[in-house]
Amino acid sequence: MCGITGWISYDRDLRTESAALDAMTETMDCRGPDDRGTWVQGPAALGHRRLAIIDLPGGRQPMTAGTPHGSVALVYSGETYNFTELRRDLTARGHRFTTDSDTEVVLHGYLEWGEQVAERLNGMYALAVWDGRHDKLVMIRDRMGIKPFYYYPTPDGVLFGSEPKAILANPLASARVGLDGLRELFTMIKTPGHAVWEGMAEVEPGTVVTVDRSGVHRRAYWRLETRPHTDDRDTTIATVRSLLDDIVRRQLVADVPRCTLLSGGLDSSAMTALAARQLGEHGEKVRSFAVDFVGQSDHFVADELRGTPDTPFVHDVARTARTEHQDIVLDAQALADPEVRAKVIRARDLPAGFGDMDASLYLLFRAIRDQSTVALSGESADEVFGGYLQFFDEEARRGGTFPWLVSFGRHFGEDSEVLRPDLLASLDLDGYVADGYRTAVGAVRRLEGESGFEYRMRQICHLHLTRFVRILLDRKDRASMAVGLEVRVPFCDHRLVEYVYNTPWALKSFDGREKSLLREATADLLPKSVYDRVKSPYPSTQDPKYAVALQDQAKDLLARPAHPVFDLVDHDRLHRVAHHDAPVSNQAQRRGLERALDLTQWLDMYRPQIDLG
């Protein structure tokens, strides 16, 4: 796991631009605290920061290979879980290896198969190859979008990086955000390819982007496709279990300490139990970590989203799987700390709007990093197996919009209400969402003979797997890599995603509950309490001290009425919420406070030019 960056300029010799390349590379020192490297040849400059996971001495980058017709250089972030098989195949084809790293396998894979190497990789990756034989750059991103990847076309080439901050460090890039960028920030629909920053784009998941003297070219090498599912229930459950056994076994491979993220829900519990069984075969124990809040278990108040606190279930799993477990307990002061908020925004490059859930995730990862370098997460199982409330909500099912927006609006309100009314009118968020929704559902192919209900559930699953999951994967990657922790996501293996996506909804929910297939596939590993537990989302603090801290910080902000945040935020509305007589308990108001404070930190840190048209 690493950070990559680079600059291709066909009209200049980049050997004279080392200062700019160094600046781009150093923005990602947190992603790669173990090593750094740069490589420049003519129009190509590559930078790399390394977090060493496999073959600690042998995986240095940029990694190059000389050929009779020019050099080929690679920068690579992520992990390829089938690198052992690929290495064996390449060796049989005459390739010789000098390291044990998956990076060298990917480089030789490109030498053998060109950009078609993408179809052969199983893993999470963002990689860039400068092919000096053809004077072209090849950028490849993993199928599900687990690893972030951005690029910024220039008049004579391109800038690229794992994160926007690497690109923005180059003097050719402009830190501008227009109306569409603000729309992305306040709608939670993750338009494919959209990067918020004007002029910048994402390499879309499952896509190869090539850059040569004629311009930028894109090719999708993978898309989520509709296929018939003919397996019966027992075969489907057995196939899911077989896939999970193989996936977890592959993702436990590392030359550094590993652990699991354990929430006490079905997803993380199943993954932790599988890891514990597999490592137990070799006499090892799994280390597991969970986040908790001071007083949360003792004073928990159930609501429609969260009916139970996590900690009792976490401890049940830790006992059953015999993990070495640790709770990371956070207080309201840490969650509301402006310095923590600044680090989260720096990690995300944006005021992303998850509030205390972003802060707690960052603090959890920071505490884990003191003891481990690789963590396995249950992230994405809800999207794959159908775990969210909106999958079962009739209003969300029938609504002609992204289903999670119906659920979020009901439970959390609209945090966009913190914006100035004139700006809100200009943004027309409803229209933006409607346009995005029509495009998204238009990509879902109906199976011949599929009922209207099954097709609608296919659409909902597709929306979650191609839009919603990417929001959460980006959040996870940025928070973890900000502290140099690699988080792996077994449920995002494309083989599992393809198989379960094409399983009819009647099978996904055969017992009338969420994630029926996952529950039955791992039933032998789970304590009964977790087997029976209803889905509970990632936890949020209930401590009123957190809301009080937000209100106090908002009051300090209101004392600076000339701050540019008030070009975006409604001063009067913020004043009413900040000076409320009691700690705000209304979720929309609390989210509005978090948004205003996040926007303030972002404007102070990045000083973007906001173009309101």
Side-chain angles (χ1 to χ4, degrees), residues 145 179-194 196 204-205 223-227 304-305 352-354 380 382-417 419 421 423-474 497 500-509 512 514-515 535 537 587-588 591:
L179 288 178
D180 272 356
L182 292 177
R183 289 174 180 127
E184 281 293 305
L185 285 177
F186 283 92
T187 53
M188 244 184 123
I189 65 173
K190 195 68 172 101
T191 302
H194 206 297
V196 177
E204 292 188 37
R223 288 291 181 265
L224 194 57
E225 296 179 352
T226 298
R227 297 172 186 151
E304 189 178 350
L305 276 181
F354 283 85
S380 309
D382 285 307
E383 290 81 2
V384 174
F385 289 98
Y388 293 116
L389 289 178
Q390 57 262 25
F391 283 94
F392 299 86
D393 184 326
E394 284 303 318
E395 183 184 355
R397 283 173 168 176
R398 292 194 306 268
T401 190
F402 297 95
W404 55 89
L405 298 184
V406 176
S407 178
F408 284 16
R410 182 185 306 135
H411 296 296
F412 300 118
E414 300 294 339
D415 63 349
S416 60
E417 292 179 2
L419 297 176
L423 173 57
L424 205 50
S426 297
L427 291 174
D428 184 18
L429 298 180
D430 290 342
Y432 188 73
V433 168
D435 289 345
Y437 177 74
R438 282 191 293 270
T439 300
V441 294
V444 187
R445 186 175 71 84
R446 187 170 186 168
L447 194 66
E448 186 176 350
E450 194 168 44
S451 71
F453 175 74
E454 280 287 351
Y455 179 52
R456 177 56 183 160
M457 295 311 297
R458 180 182 294 280
Q459 288 178 324
I460 289 174
C461 292
H462 194 280
L463 292 171
H464 280 82
L465 288 166
T466 58
R467 296 297 188 98
F468 189 62
V469 75
R470 294 176 185 174
I471 298 171
L472 299 185
L473 288 172
D474 186 74
V497 171
V500 178
Y501 169 67
N502 282 298
T503 302
W505 182 253
L507 262 180
K508 286 190 181 82
S509 59
E514 76 277 4
K515 294 179 284 196
K535 162 71 182 173
Q587 286 292 327
R591 291 182 68 211

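Along the sequence shown, the residues carry numbers beginning at 1.
- Listed for the E454 side chain is a donor-acceptor partner under 3.5 Å among the backbone atoms of A506.
- Closest non-hydrogen pair, R446 versus G452, comes out as NH2-N, 3.2 Å.
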Show the numbers, then the answer: is there a salt bridge (Lys or Arg N to Asp or Glu O under 4.0 Å) between D393 and R410? CA-CA 11 Å; D393 184 326; R410 182 185 306 135; 2.4 Å; yes

Show your working on side-chain contact (heavy atoms from CB on, under 4.5 Å) between Q587 and F408 and close with a plain yes or no. CA-CA 10 Å; Q587 286 292 327; F408 284 16; over 6 Å; no

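- Screening F392, F385, Y455 against W505 for a ring-ring contact (aromatic ring centres under 6.0 Å, His included) leaves a single residue, F392.
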Could you give me the CA-CA distance, side-chain angles and deciding distance for K508 and C461, then say whether side-chain contact (heavy atoms from CB on, under 4.5 Å) is met? CA-CA 11 Å; K508 286 190 181 82; C461 292; 4.2 Å; yes

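- When every heavy atom of L463 is checked against every heavy atom of A440, the shortest pair comes out as CD2-CB, 3.4 Å.
- To the nearest 0.5 Å, the span separating NE2 on H462 from CZ on R467 amounts to 9.5 Å.
- Remark: side-chain polar atoms of H194 are not paired, donor with acceptor, to backbone N or O of K190 under 3.5 angstrom.
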Evaluate D382 against K515 for side-chain contact (heavy atoms from CB on, under 4.5 Å), listing each step before the verdict. CA-CA 7 Å; D382 285 307; K515 294 179 284 196; 2.8 Å; yes

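- The side chain to side chain contact (heavy atoms under 4.5 Å, CB included) with Y432 is formed by just one residue from the set L427, L182, D180; it is D180.
- Here the side chain of E184 pairs a donor or acceptor atom with the backbone of T191 at under 3.5 angstrom.
- Put simply, CZ on R183 and CG on D428 are 7.0 Å apart, with the number rounded to the nearest 0.5 Å.
- Heavy atoms only, all atoms of each residue included: H464 and I460 are closest at ND1-O, 2.8 Å.
- Of the inter-residue distances, the one linking L185 atom CG with L419 atom CG reads 9.5 Å to the nearest 0.5 angstrom.
- The environment of E394 atom CD is dense: over 12 non-hydrogen atoms of other residues, nucleotides or ligands sit within 6.0 angstrom.
- Summarising the geometry, atom CD1 belonging to I189 is positioned 8.5 Å from atom CD1 belonging to I471; distances are rounded to the nearest 0.5 Å.
- R397 places no side-chain N or O within donor-acceptor distance of the main-chain N or O of Q390, the cut-off being under 3.5 Å.
- To the nearest 0.5 Å, atoms CG (L472) and CE (M188) are separated by 6.5 Å.
- In this structure, the side chain of E395 does not engage the main chain of V406 through any donor-acceptor pair within 3.5 Å.
- At least one side-chain heavy atom of S380 sits less than 4.5 Å from a side-chain heavy atom of L473.
- Checked by atom type, the side-chain pair Y501/E225 shows no donor-acceptor distance below 3.5 Å.
- For the residue pair E383/Y388, the side-chain donor-acceptor check at 3.5 Å is satisfied.
- Residues A396 and P403 come closest through the heavy atom pair CB-O, 3.8 Å.
- Between L405 and T401, the shortest heavy-atom distance links the atoms CD1-OG1, 4.1 Å.
- Considering CZ of R458 and CZ of F453, their distance stands at 13.0 Å, rounded to 0.5 Å.
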Are Q459 and R456 close enough, and set up right, to give a side-chain contact (heavy atoms from CB on, under 4.5 Å), and what steps lead you there? CA-CA 5 Å; Q459 288 178 324; R456 177 56 183 160; 3.2 Å; yes

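- Side-chain atoms of S416 never come within 3.5 Å of backbone atoms of F186 as a donor-acceptor pair (strictly under, hydrogens ignored).
- Counting heavy atoms from C-beta outward, R223 and E204 have side chains that approach closer than 4.5 Å.
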